[in-house]
Every structure is written in structure tokens, then in C-alpha cells.
Amino acid sequence: QSAVHDVIVIGAGAAGLHCAATAAKRGRRVLVLDHAKQAGKKVLISGGGRCNFTNMYASPENYLSENPHFCKSALSRYTQWDFIGLVNDYGIAYHEKTLGQLFCDNSAKDIVNMLMQECSKHGAHVQLRTEVLSVEHSADGYFVKTSQGLLQAEKIVVACGGLSMPKLGATPLGYQLAEQFGHRIVPVRAGLVPFTLHEADKQRYAELSGLSVDVVASNQRASFKEAMLFTHRGVSGPSMLQISSYWHPGESIEVNLLPQDDVFAQLNELRQSRPRMSLRTAVQEWFPKRLALTLCEQYQWPDKNLADCNNALLQQVADTLHQWPLKPNGTEGYRTAEVTLGGVDTNEVSSKTMESRLQPGLYFIGEVLDVTGWLGGYNFQWAWSSGWVCGESL
Ligand code: FAD
């Protein structure tokens, strides 16, 4: 049996690798374990292969958690600018795509290579193809049973992420370990995930698949001004992914299809300037023809000249386009979700060190915690921030 490690980090993902390098830099003997053949698989496929590695405007308001204060300390001690500094040190080229979202110019591989180099530079060992089966604690420390044998460490960092994309190697191990040591799990569900629609809507919008519209999607909890994309299963695109994290089954979402326009005022004007224009043609001025016709048919707007449309009808059209009611049937679930909402209850974890308040020497970082970011680089920033503060305290 091999030596006792100071720290075993379970999961060579974004949080685990950054934590391991940080702790190793401070002289800790760190071993990172992952069952995958490759480290940082989610980083590699993220952002369409270019990794949206942080957001220039990241702040605690961009995170969902039962305890919205928990993320504040880590995010302020290791900020997006700290991570950008590291990226700059490695000469990795990047650009802002939109809304403060920073992407690699070349490839997400640049980020994984950087994390791996930081680990090797500081002497953190990353052992792949090693599944963690169980963790036990005794007076001699922690014993980690793996597919490659039994390992021993003084401290354990649980960095094995959430449940989204099981194809990429997601497992419930993090939640199971937390529960084993007495932690409460805030109920988990898929977040940043496309919506599916009820059969009638699915059929109605099926031929709009691939069409994208800039909208404001809202419910009583949040509002996002970004694109919406019709898919062959339902609706997706950034605005839908964002609002999905704030959505509960059975609820409706209000979509402003024309947030920049005052539809009633514009229809009123058109009625005066071009009275012989048909209502359907007027709607086509705003949208691609396919969408305009689908909406006209769905709401049975008459095919008559604007001159013959009364104010009540124009108001009805305006209200529908500004508050288009969308009732999802469900979501596509963990199969395509970018993140898992919920997770290890943060009230039982120190926000300064990420150490369990129930079990000394046990730490939780990254997505396994009940901290979930918006779409746009916020989730990786949480992985870097929580990983770094933990690494500093180990
Ligand atoms: P992970 O990165 O998931 O790492 C967990 C690791 O634990 C994995 O390597 C896994 O193999 C390992 N593991 C699990 N169980 C075991 C076990 N039993 N034994 C051994 N190892 C185990 N966020 C952004 O900020 N920007 C983006 O552009 C972005 N794009 C995304 C695109 C997709 C398709 C997906 C799915 C997610 C994306 N995210 C993005 C979210 C982001 O990837 C995650 O929030 C982030 O990776 C979480 O980091 P983590 O280290 O906590 O977990």
C-alpha cells in the first residue's frame, strides 16, 4: 500500500484540478483521482469546444442557491480577474463573445493543458482511470477505496460535480458521500436545460426548428434578455436555458417576442400610414414569415386590412406578442442539461474554506455544492473560486 497523501481530491474537473494545483503550490502532497481517461472532460466540450471560462461581470447575483450569501466570500477572494491573470500568464488567447463571456480563441484544450501544467509544476499528481468506490473515515484518517486499490489521506476534497451529462462521466458519488457524513442535500434537478413542449405546441412549432428570435423571457423569479431558439423538441437558446434554472414543473413562462418595439403604437401608426396593409403582412414586418404565419394561425388573427382592425384587436395582437405565454411540458433533463441545481447544503459547509462543518477534513467544491451559476462562464468561475479558497486552506 502506498504512502499517506495529505489530500486526495475526487474529480479531475475544473474545481478539482484548480484546487489541487493551489494546495500543491503550498507544499501539500496532493493526489487527484478521476474515473475518466481524460482530465477536464466538461471543460473540453464546454462553450462549443472553446470554453467560456469566466465572465467579466461575475458577481454573487449570478448564482442560485438556498443560501445566496454563501458564494460571496470565495468569489471575492478569487475573482474572475485572478483567473484571467492565470490565463494571461499562459499566453492563452481569448475574446469576449457577448455579455462579458470570455472564450478561448483556439480551443478549450488550452485551459485543460494550463490546469494540468499547474498541477505538474507544483507536484500534484493526477491519476486517471481510477473510479472512487467509497470513502471511510477512522482515527488514522480517510481510506479511499478505488478501482485501483485502497488509498489513504488526511483530507478529502469532493470535487466530483453534478449529474448533468452522464455520458461525460457524471455520477452521484459526491451527493452519496455528503449524505454518508450526515450532510443534507438540497433536492437536485437539471438546470440550463432546453424545454420540451406539449404535443400540440410541439407540432405547431416543429417547422420553426432552427429559427432564433431575440426575446425577454421572464417569470416571477427572473428575467433574461437573450435569444430563443426553436428546436424540433421544443425551445432552447440562451434565454430559455437561463430561465429553465428558475422554472418549476407546471409553470408558464412569459416571453416578450418584441422587447424593443411598442407593438400597439406601431400597428396604430401603420393603420394610418398604410391602411390597406393586411394585419398578417404587418406581423411579418417583425418576424420571419414562418413564425409570423404560425402566430397568426394560432391566435386566429383575421386576414384583413389594418383599416378594418379595431383598437381591441390591435391591442390583443400587441399583448400576445409582448406577453407570449409559453407552457413547457418539461425539460430535456440531465441528458442535455449544462448543470445540476441543488446539491450539498451550503449551511453545513464553511464559505471560507469549503470544509464540512460536520466532518473535519472533508471538503466540497464546485458543482456538487448547492451553488449554480447562470449561463455565461459563471459556473466555471464558481469552480475556480471554490477550488482556490479550498486549496488555500488545505
Ligand atoms: P466537473 O467538471 O463535472 O468534474 C467532476 C469530475 O469528477 C469529472 O471529471 C468526473 O469524471 C469525476 N467523477 C465523477 N464521479 C467520479 C467517481 N465516482 N470516481 C472518480 N471520478 C469521478 N460552465 C461555464 O462556466 N462555461 C461554459 O462554457 C460551460 N459549458 C458547458 C457545456 C456543457 C455541455 C456542460 C455539460 C456544462 C458546461 N458548463 C459550463 C458547466 C461546467 O462544465 C460545470 O459547472 C463545471 O465543469 C463544474 O466543475 P466541477 O469541477 O465541479 O465538476
Side-chain angles (χ1 to χ4, degrees), residues 8-20 31-55 58 62-63 80 83 94 97 100-104 108 111-112 115 126-135 144-148 151 156-177 190-194 238 241 245 332-341 343-344 354 363-388 390:
I8 287 181
V9 178
I10 305 175
L17 292 173
H18 199 47
C19 173
L31 176 66
V32 187
L33 301 176
D34 202 299
H35 61 166
K37 307 194 277 240
Q38 232 178 348
K41 267 189 164 180
K42 272 194 190 164
V43 179
L44 291 172
I45 55 124
S46 69
R50 290 232 159 84
C51 185
N52 178 194
F53 57 81
T54 193
N55 193 295
N62 307 115
Y63 294 86
Q80 56 271 46
F83 192 76
Y94 60 87
K97 197 166 171 192
Q101 301 168 7
L102 301 187
F103 285 76
C104 297
I111 298 293
V112 174
L115 296 168
V126 180
Q127 183 178 322
L128 301 171
R129 299 171 195 263
T130 305
E131 188 181 2
V132 173
L133 303 169
S134 66
V135 176
V144 180
K145 196 170 153 197
T146 78
S147 54
Q148 308 300 316
L151 298 161
I156 297 290
V157 178
V158 178
C160 40
L163 296 173
S164 52
M165 299 230 172
K167 269 192 182 162
L168 289 175
T171 74
L173 179 74
Y175 308 119
Q176 288 163 357
L177 292 176
L192 300 179
V193 61
L241 298 180
S245 294
E332 291 188 4
Y334 292 120
R335 189 178 61 82
T336 59
E338 282 203 11
V339 288
T340 304
L341 293 153
V344 178
M354 304 293 143
Y363 298 73
F364 297 95
I365 57 174
E367 197 177 319
V368 74
L369 283 162
D370 171 34
V371 176
T372 307
W374 290 0
L375 183 79
Y378 302 99
N379 284 296
F380 281 137
Q381 186 55 45
W382 174 244
W384 317 136
S385 296
S386 60
W388 186 87
C390 177

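Whatever order the structure lists them in is the order used to number ligands and atoms, beginning at 1.
Side-chain atoms of Q148 and T130 include no donor-acceptor pair closer than 3.5 Å.
Atom CH2 of W382 is separated from atom CD of E367 by 12.0 Å, given to the nearest 0.5 angstrom. Interatomic distance, L375 CG to N62 CG, rounded to the nearest 0.5 Å: 11.0 Å. We find the CZ-OG distance between F83 and S385 to be 10.0 Å, quoted to the nearest 0.5 Å.
Listed by number with element, the atoms of ligand 1 under 4.0 Å from a non-hydrogen atom of L173 are 17 (C), 18 (N). Proximity to G169 (heavy-atom distance under 4.0 Å) selects the following atoms of ligand 1: 10 (C), 11 (O), 14 (C). Near C160, meaning under 4.0 Å from any of its heavy atoms, are these atoms of ligand 1: 5 (C), 7 (O), 13 (N), 14 (C), 15 (N). Taking a cut-off of under 4.0 Å to the non-hydrogen atoms of G161, the atoms of ligand 1 that pass are 5 (C), 52 (O), 53 (O). Residue contact check: G47 has heavy atoms under 4.0 Å from atoms 28 (O), 30 (N) of ligand 1. Of all atoms in ligand 1, listed by their number and element, those nearer than 4.0 Å to a heavy atom of Y378 are 25 (O). Applying the 4.0 Å criterion to heavy atoms of G11 picks out, from ligand 1, the atoms 6 (C), 7 (O), 12 (C). Near T171, with a cut-off below 4.0 Å to any heavy atom, the atoms of ligand 1 are 14 (C), 15 (N), 16 (C), 18 (N).
In this structure, W384 has its ring center under 6.0 Å from that of F380.
Protein heavy atom in closest approach to atom 34 (C) of ligand 1: I45 CD1, 3.2 Å. For atom 41 (C) of ligand 1, the closest non-hydrogen atom on the protein side is E338 O, 3.6 Å. What sits closest to atom 30 (N) of ligand 1 on the protein, heavy atoms only, is S46 CB, 3.2 Å. Looking only at heavy atoms of the protein, atom 26 (N) of ligand 1 is closest to N52 O, 2.9 Å. Summary of contacts: the protein heavy atom closest to atom 42 (C) of ligand 1 is F380 CE2, 3.6 Å. When hydrogens are left out, the protein atom nearest atom 20 (C) of ligand 1 is H35 N, 3.2 Å; that is the closest non-hydrogen contact. Atom 9 (O) of ligand 1 has as its closest protein heavy atom D34 OD2, 2.5 Å. Here the heavy atom of the protein found nearest to atom 36 (C) of ligand 1 is M165 CG, 3.5 Å.
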- prompt: Should F53 and Y94 be marked as a ring pair (Phe, Tyr, Trp, His ring centres under 6.0 Å) after you check the CA-CA gap, both sets of side-chain angles, and the distance that decides it?
  reply: CA-CA 10 Å; F53 57 81; Y94 60 87; 5.6 Å; yes

field: T146 vs L33, side-chain contact (heavy atoms from CB on, under 4.5 Å): CA-CA, chis, key distance, verdict
entry: CA-CA 9 Å; T146 78; L33 301 176; 3.9 Å; yes

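Proximity of K41 to ligand 1 is not established, as no heavy-atom distance is less than 4.0 Å. For the ligand labelled ligand 1, residue V43 lies outside the 4.0 Å heavy-atom shell.
For ligand 1, one of its N or O atoms has an N or O atom of A14 under 3.5 Å away. Considering backbone and side-chain atoms together, E367 places an N or O closer than 3.5 Å to an N or O of ligand 1. The shortest N or O to N or O distance between E131 and ligand 1 is not below 3.5 Å. Polar contact with ligand 1: absent for A36 (N/O pair, distance under 3.5 Å).
The minimum heavy-atom distance between N52 and G377, with the atom names listed, is OD1-N, 2.9 Å. Of all heavy-atom pairs spanning S164 and E338, the tightest one is OG-O, 3.4 Å. What you find for Y175 and G162 is that their closest heavy atoms are OH-CA, 3.3 Å.
Shown here are the salt bridge (Lys or Arg N to Asp or Glu O under 4.0 Å) partners of E332, two or more places apart in sequence or in another chain: R233, R335.
Residues L241 and P194 are in side-chain contact: their nearest non-hydrogen atoms beyond the backbone lie under 4.5 Å apart. Between V157 and C390 the shortest side-chain heavy-atom distance falls below 4.5 Å.
N379 contributes no side-chain N or O that, together with a main-chain N or O of Q381, makes up a donor-acceptor pair within less than 3.5 Å.
Screening L31, V132, V32 for a side-chain contact (heavy atoms from CB on, under 4.5 Å) involving I10 leaves a single residue, V132.
Of all the heavy atoms of F53, none lies under 4.0 Å from any atom of ligand 1, so neither backbone nor side chain is involved. With a 4.0 Å heavy-atom cut-off, ligand 1 is reached by the backbone of A159 but not by any atom from C-beta on.
One option in A15, S164, G377 has a heavy atom closer to atom 51 (O) of ligand 1 than any other, and that option is A15.
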